[in-house]
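Let me begin by presenting the structure, written as structure tokens, before commenting on it.
All values derive from a computational prediction rather than experimental measurement.
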Amino acid sequence: MVAGLWNAPTLLTDFSQLVSLHPGKHTRGLSKPVVAAFPVPQTYQQETATTAQQFMTALFNHQYATMWTMLHPQVQAVWPSKAAYISYWQTRFQDYTLQRFVLGKARWLDQWVNPETMIAYNQVIELPMSLLLEPGQAIQLQSQAPPEDLHPDQVFQNLPFIVQQVPAADKAKKSRWLILAGGPADLEASILPPVQSGSTAVQVPILMYHHISDVVPPTSLGMSLTVTPTLFGQQLDYLQKRGYHTITFNQLFDALYYGGPLPQHPIILTFDDGYDDAFHFAFPMLKAHDFSGMFYIITGKVGWSAYLNWKQIRTMLKGGMQIGSHTIHHVDMGSLVLYSQDLAQQELQKSQAALQNHLGTVIQQFCYPSGEPFNHGSLAARQQIVSLLASDGYVGATTDPGISGTYQNSTDPFVLLRIRVDGRSDLQFFMDSLPW
């Protein structure tokens, strides 16, 4: 590969280069899933549908202890106790009226990876499930309520309900279908930010990477942005040895908003810009350590030389990775929002829509290119861009240090702090930057 292609993308500040597109209506929910080429046997379809109906009926009837008994033991192990699980679900939809749910067509998955634990399960059945729910009066009376709160049906379409057939301990008894992912009733279901939330802080370091590559450009910026696979492997080994557990952004917001569970020493690894070395180096090395990662994609550069293509991104998503928006053009959002709110809105909406349309998953996370406006922008620019993010259905956004830290707060969901991992620093510096 050509070393020059590995530089960071230019932060676009000449807004005349932007193509002015009128943002149309876009769907924030899931696209219709593709059905596998070979059918699920009718008996299995019926048993899977029955399991889904029992699980969701228990949710509607507030029978959370019943839901608990239907989970796979490795899913139960994510929670500190059954009582914690029950408490979470008592809170999760307390501002909504659950109306009904709709089941889609079951399909086989040869393998499914739980992004919270990175455990892979073979031969499972996925049943798309949609939840219809009505926001309560407290939400409807809020003039600044985000769109996902006012119209939650849009982000609760075709969420994956996944089960695996597990033989009974007693061979005389029938095997059971145990739940690996609960569709709308799951930690990974779309986040609905509470309109009235107290201040909750959790210590979750979020690391920021760019390139993982053995080709290091001979420039100060290139060396800063490029961590070699050897050093990256040493860093992952250290995290694993120290008992760090990667979590998803959903898990982070579940903890901030609803008292959801976090493992000991939680951490999030993020990778900016969507370079193709993410697929060749970062992705397999993360999987080898049972770690997940968040990859922020510049949608206008997907498929370019040295950038990920859609097939690679889908493979990474299927392999337990997370995907977020990094705009269309890697533009300075602080300057852009002051220049034109319409153009700023397009960068947010159209990058989100492109990811959702290509990946068939809800996109609620964003990353500011070069951290702007939170590095050099004005207070007015910060307030405007946060307002636009919330109005577009994003629930969280990460900064680019500049601002750094390891505590994340529910009152600042669009200013999630990160720690920059500099390719010029050694392993000891990396170790010293972490809290545990």
Side-chain angles (χ1 to χ4, degrees), residues 28-30 52-71 75-76 78-102 116 129-161 179 181-202 204 247-262 362 364-365 390-391 393-396 408-414:
R28 297 189 183 93
L30 289 171
Q53 290 165 356
Q54 291 173 346
F55 187 69
M56 294 302 292
T57 298
L59 174 69
F60 275 54
N61 293 332
H62 310 294
Q63 296 170 336
Y64 308 122
T66 299
M67 294 168 63
W68 172 264
T69 65
M70 302 177 71
L71 300 179
V75 176
Q76 291 180 341
V78 170
W79 298 83
S81 66
K82 181 171 73 172
Y85 179 83
I86 291 172
S87 176
Y88 172 86
W89 286 112
Q90 288 171 338
T91 304
R92 183 66 162 90
F93 293 124
Q94 64 181 356
D95 294 325
Y96 298 85
T97 300
L98 305 185
Q99 296 179 315
R100 62 191 179 95
F101 59 91
V102 179
E116 296 160 10
M129 185 186 295
S130 301
L131 177 64
L132 284 75
L133 59 168
E134 182 74 21
Q137 192 174 34
I139 295 173
Q140 296 183 34
L141 294 177
Q142 283 280 343
S143 60
Q144 300 298 318
E148 63 273 18
D149 284 4
L150 292 171
H151 308 287
D153 295 356
Q154 294 184 5
V155 294
F156 277 82
Q157 299 175 24
N158 295 319
L159 300 186
F161 181 85
I179 297 169
D186 191 84
L187 288 172
E188 294 304 309
S190 305
I191 298 295
L192 300 174
V195 292
Q196 294 179 337
S197 174
S199 177
T200 300
V202 294
V204 178
I247 65 169
T248 67
F249 275 90
N250 266 50
Q251 286 176 278
L252 172 60
F253 279 94
D254 283 328
L256 289 174
Y257 288 155
Y258 319 120
L262 290 176
V362 175
Q364 295 189 300
Q365 299 299 325
S391 72
Y394 291 98
V395 302
Q408 317 302 336
N409 199 298
S410 61
T411 60
D412 290 313
F414 295 106

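- Judged by distance alone, with hydrogens and angles left aside, the side-chain atoms of Gln364 form no donor-acceptor pair with the main-chain N or O of Val395 at under 3.5 Å.
- At least one side-chain heavy atom of Trp89 sits less than 4.5 Å from a side-chain heavy atom of Leu59.
- For Ser199 (side chain) and Thr411 (main-chain N/O), no donor-acceptor pair under 3.5 Å exists by modelled atom type.
- Counting heavy atoms from C-beta on, the side chains of Phe253 and Gln365 come closer than 4.5 Å.
- Here the side chains of Gln63 and Gln54 are not in contact, with every heavy-atom distance at 4.5 Å or above.
- Counting heavy atoms from C-beta outward, Leu159 and Leu131 have side chains that stay 4.5 Å or more apart.
- Ring orientation note: the planes of Phe161 and Phe55 are tilted relative to one another, at an angle of 30° to 60°.
- Counting heavy atoms from C-beta outward, Tyr85 and Leu71 have side chains that approach closer than 4.5 Å.
- No side-chain heavy atom of Pro135 sits less than 4.5 Å from a side-chain heavy atom of Asp149.
- Contact check for Thr200 versus Asn409: no side-chain heavy atoms found under the 4.5 Å cut-off.
- Two residues are said to be in side-chain contact when any heavy atoms from C-beta on lie closer than 4.5 Å; Val75 and Ile179 fail this criterion.
- Every residue was checked against the ring-ring contact (aromatic ring centres under 6.0 Å, His included) condition with Tyr96, not counting sequence neighbours, and none meets it.
- Between the Asn158 side chain and the Ser130 main chain, no donor and acceptor come within less than 3.5 Å of each other.
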Using distance only, find each side-chain donor-acceptor pair of residues 183-195 under 3.5 Å and give its atom names and separation, not counting sequence neighbours.
residue, atom, partner, partner atom, Å
Asp186, OD1, Gly182, N, 2.9
Asp186, OD2, Glu188, N, 2.9
Glu188, OE1, Thr248, OG1, 3.4
Glu188, OE2, Thr248, OG1, 2.7
Ser190, OG, Val155, O, 2.6

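- In this structure, the side-chain hydrogen bond (donor to acceptor under 3.5 Å, both in side chains) partners of His62, at least two apart in sequence or on a different chain, are Tyr64.
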